[in-house]
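Note: hydrogens, waters and symmetry copies are ignored here, and every other heavy atom, side chains too, is used.
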Amino acid sequence: MLVRTRLGSPSLPSGPRRCQELACCSSQLPTMARGLPSTASLVRFCQKLNRLKPLEESTMETSLRRCLSTLDLTLLGVGGMVGSGLYVLTGTVAKELAGPAVLVSFGVAAMASLLGALCYPELVALVPGQGFAYLFTCVSMGELWAFLIGWNVLLEYLIGGAAVARAWSAYLDAIFSHSIRNFTETHVGIWQVPFLAHYPDFLAAGVLLLAATFVSCGARISSWLNHTLSAISLVVILFIIILGFVLARPHNWSSEEGGFAPFGFSGIMAGTATCFFAFVGFDVIAASSEEAQNPKRAVPMAIAISLGLVAGAYILVSTVLTLMVPWHSLDPDSALADAFYRRGYSWAGFIVAAGSICAMNTVLLSSLFSLPRIVYAMAADGLIFQVFAHVHPRTQVPVVGILVFGILMAFLALLLDLEALVQFLSIGTLLAYTFVATSIIVLRFQKAPPSSSPGPASLGPVAKEYDSFSDHIQLVGTQQASAPEPGQLRPALRPYLGFLGGCKPGAAVAWALGVLVASAITLSCVLIFGGSPLHLPLWGYTLLLLLSSVMFLLSLLVLGAHQQQRRQDTFQIPMVPVTPALSILLNIFLMLKLSSLTWLRFSVWLLIGLVVYFGYGIRHSKENQRERPGLTATRYVVFPSGSLEETVQPVQPPSHTPAQETGRTEQPISP
């Protein structure tokens with residue numbers, strides 16, 4: 001083949017040689033010569049977008065310090081979830097969306113978060129690296145999807161931290177009778193610009209810079225500070241619940257005050273979609289798994305304990321709040337403190353305000369702890385600028401990411417009016433949960449990946465893990481010689497589902513997963529828009545509801561009919577595929593309950609992310625650098641039905657050793 005002759009020219013420098021290869025390739029393809037992309041180049045481009053990060057790269061080795069125990073992770077999760085959601089969002093949802101039924105909204109949001117949370121420990125056990133939802137999507141669904149998830153989570157932490165800082169400032173200002181706001185408005189003035197705050201919040205920006213300084217000192221120092229503030233916050237929450245039940249008036253839930261659910265089921269679900277903002281912090285536990293001493297054991301326990309504690313706190317606090325004062329008279333900015341003031345317990349209001357400041361400080365620490373780490377993971381993979389992958393040699397934290405994004409977060413808190421962007425936080429979290437649940441299904445029905453290195457020594461601990469897993473599979477095989485591989489039809493069901501037995505392993509699972517997601521979207525749209533927005537007739541509404549429900553159930557049955565991976569040494573989510581499928585359905589339903597303006601902002605942010613990916617990430621990706629030593633024109637010419645690796649390897653000359661390119665390629669390849 002002419003391609004092989006070109007590859008065998010070692011005398012050419014790397015730049016001209018590549019140009020000649022591509023020139024040779026273009027002469028072979030008439031369609032490309034006419035200026036049109038060939039089918040092979042389009043397929044290769046699509047393969048680039050969906051290339052997976054090898055699972056073997058996610059080892060226990062890390063440049064970060066492993067110093068976090070189960071208690072550290074639990075309090076980190078509690079600190080990330082208990083903040084403005086408890087002290088601000090409770091009153092806002094109760095007054096404007098759900099009434100006293102806000103406790104139901106928090107319960108449903110906690111259930112949806114639990115379904116998503118159950119997926120994290122299994123993925124952390126398989127992929128014990130940095131980046132949580134980003135990394136899980138990268139190893140299961142592809143590079144582009146992973147980048148978009150990481151991009152959305154990045155904005156979620158940016159806006160979330162800035163919004164919490166402004167809420168922290170407002171609570172502190174309320175303690176001093178709004179003297180801080182009055183002083184700023186008098187000396188700076190009042191702004192009347194859309195999307196900007198009425199006045200610059202220097203206090204919010206200052207506390208963010210101070211928190212960024214603490215986080216940059218190392219994980220142990222920020223963890224100690226988080227312990228202290230979380231303990232104070234939990235004591236204040238216990239005080240609120242006890243005194244709140246003492247002051248409770250059941251009459252506030254009566255029909256004379258509007259009843260328990262004045263906005264009906266629609267209001268409860270709208271409140272649930274907004275209440276997701278309260279639970280966005282638990283994934284900081286998964287984000288910190290690379291710094292955990294024993295992530296396979298500590299992460300599942302920390303997620304379960306922290307989520308249970310926080311869900312109970314939210315439900316109990318929202319209960320006592322709406323029992324203390326009528327829901328329609330709540331102050332949405334400082335509902336809890338104002339409720340105690342109105343009942344004549346002003347001293348309790350000061351305690352609540354002090355507890356809220358401590359709780360919001362823990363959320364700020366959590367946001368500034370997590371955000372640089374996902375940026376670190378994306379930078380290490382080459383999808384964003386490499387400077388964010390720099391780890392300080394003494395503190396062993398990504399100090400550049402902490403300082404840059406801490407300053408950016410402070411700038412947002414200083415200038416922007418972030419109240420209207422709270423719902424935007426929920427949509428990013430719900431989308432991340434959806435992709436995590438989908439990743440569980442994809443990885444559970446995949447065969448364990450073979451080692452891509454020549455020997456186990458180059459893989460370190462992962463080789464040992466994979467060897468033990470292979471030994472386990474071999475032991476099971478001696479007991480059941482005909483055990484099918486993951487993704488194949490179960491032997492007991494082959495006589496009844498013979499039409500699925502002829503499919504390639506994983507093909508039926510992929511189609512069933514696609515149908516499951518599509519039917520979940522259709523079912524959610526029918527439930528939300530089939531009534532008043534679209535005014536469907538009863539027979540059309542019922543027909544669409546039945547069809548989408550049947551397709552959802554059938555896809556579940558097809559998935560359940562196939563063999564799954566079974567691992568005894570790590571945590572696995574129970575009832576797969578039912579549990580992740582319910583998580584997908586509930587997340588999509590709650591996303592569609594958000595406002596159209598939220599979806600518009602979300603689309604604009606996604607568009608900006610696509611520009612960043614196609615302008616920088618796709619070319620500097622670690623996986624793209626890995627492919628460069630084997631980059632040949634074969635990819636444009638030879639394209640059988642196999643994978644990309646299968647098309648590159650046969651045309652690689654045996655004597656080809658890119659000595660001139662070794663220095664250029666070693667750095668991106670090494671994990």
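At least one donor-acceptor pair under 3.5 Å links the side chain of Ser318 to the backbone N or O of Ile315. Panel note: side chain Thr90, backbone Tyr87; no donor-acceptor pair is recorded below 3.5 Å. Not one N or O on the side chain of Asn361 forms a donor-acceptor pair closer than 3.5 Å with the backbone of Cys358. For the pair Ser233 (side chain) and Ser230 (backbone), a donor-acceptor distance under 3.5 Å is absent. When atom types are taken as modelled, the side chain of Ser105 and the backbone of Ile268 share a donor-acceptor pair closer than 3.5 angstrom. The backbone N or O of Leu247 sits less than 3.5 Å from a side-chain atom of Arg343, completing a donor-acceptor pair. Lys95 places a side-chain N or O within 3.5 Å of a backbone atom of Leu330 that can act as its donor or acceptor partner. Ser140 places no side-chain N or O within donor-acceptor distance of the main-chain N or O of Leu443, the cut-off being under 3.5 Å. Within the 3.5 Å criterion, the main-chain N or O of Ile573 finds a donor-acceptor partner in the side chain of Arg444. Using modelled atom types, no side-chain atom of Asp331 and backbone atom of Asp338 make a donor-acceptor pair closer than 3.5 Å.
How far NZ of Lys593 is from CG of Leu430: 13.5 Å, rounded to the nearest 0.5 Å. Once rounded to the nearest 0.5 Å, the distance linking CD1 of Ile384 with OH of Tyr376 reads 12.5 Å. Taking CD1 from Ile357 and CG from Leu172, the interatomic distance works out to 4.5 Å, rounded to the nearest 0.5 Å. Note: Leu97 CG to Thr272 OG1 = 9.5 Å, rounded to the nearest 0.5 Å. To the nearest 0.5 Å, the span separating CG on Leu307 from CG on Leu309 amounts to 9.5 Å. Here the CG-CG distance, from Asn226 to Leu364, works out to 11.0 Å after rounding to the nearest 0.5 Å.
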Worked verdict on Val82 versus Thr362 for side chain to side chain contact (heavy atoms under 4.5 Å, CB included): CA-CA 8 Å; Val82 176; Thr362 62; 5.7 Å; no
Ile584 and Phe435: CA distance, side-chain angles, deciding distance, side chain to side chain contact (heavy atoms under 4.5 Å, CB included) verdict: CA-CA 8 Å; Ile584 292 171; Phe435 272 83; over 6 Å; no
CA sep, side-chain torsions, deciding dist, call: Ile237, Val317, side chain to side chain contact (heavy atoms under 4.5 Å, CB included): CA-CA 8 Å; Ile237 290 172; Val317 169; 4.1 Å; yes
Verdict with reasoning, Leu203 to Trp168, per side chain to side chain contact (heavy atoms under 4.5 Å, CB included): CA-CA 9 Å; Leu203 185 60; Trp168 181 95; 3.5 Å; yes
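The closest side-chain heavy-atom distance from Tyr314 to Val310 is below 4.5 Å. A 4.5 Å side-chain heavy-atom check between Val404 and Val387 finds every atom pair outside the cut-off. Ile351 has its side chain within reach of Phe239: a pair of non-hydrogen atoms, C-beta onward, lies under 4.5 Å apart. For the pair Leu371 and Met409, the minimum side-chain heavy-atom distance is below 4.5 Å. When side chains are defined from C-beta on, Val153 counts as touching Tyr157, because their heavy atoms get closer than 4.5 Å. Counting only heavy atoms from C-beta outward, the side chains of Ile402 and Leu368 never approach each other to under 4.5 Å. Between Tyr433 and Ser113 the shortest side-chain heavy-atom distance falls below 4.5 Å. Looking at heavy atoms from C-beta onward, Leu431 lies in side-chain contact with Phe602 at the 4.5 angstrom threshold.
In terms of heavy atoms, Ala302 sits closest to Ser306 at O-OG, 2.7 Å. Shortest non-hydrogen contact noted between Leu208 and Gly161 is CD2-O, 4.1 Å. Nearest approach of Gly349 to Tyr341, heavy atoms of both residues: C-OH, 4.0 Å. Counting all heavy atoms, side chain and backbone alike, Phe279 lies closest to Ala311 at CE2-CA, 4.1 Å. Of all heavy-atom pairs between Thr137 and Ser439, the closest is CA-OG, 3.9 Å. In this structure, Leu590 and Met269 approach most closely via the heavy-atom pair CD2-CE, 3.9 Å.
With 3.5 Å as the limit, one finds no donor-acceptor pair spanning the side chains of Asn252 and Trp327. When only modelled atom types and interatomic distance are considered, Asp201 and Ser169 share a side-chain donor-acceptor pair under 3.5 Å.
Under a cut-off of 6.0 angstrom, the local environment of CZ in Phe214 is sparse, with at most 12 non-hydrogen atoms contributed by other residues, nucleotides or ligands. Within a 6.0 Å sphere centred on OH of Tyr345, heavy atoms belonging to other residues, nucleotides or ligands number 12 at most.
In this structure, Arg373 is positioned above the aromatic face of Phe369, its NZ or CZ under 6.0 Å from the six-membered ring centre and within 45° of the axis.
Using cut-offs of 30° and 60° on the angle between ring planes, the pair Phe388 and Phe385 is tilted.
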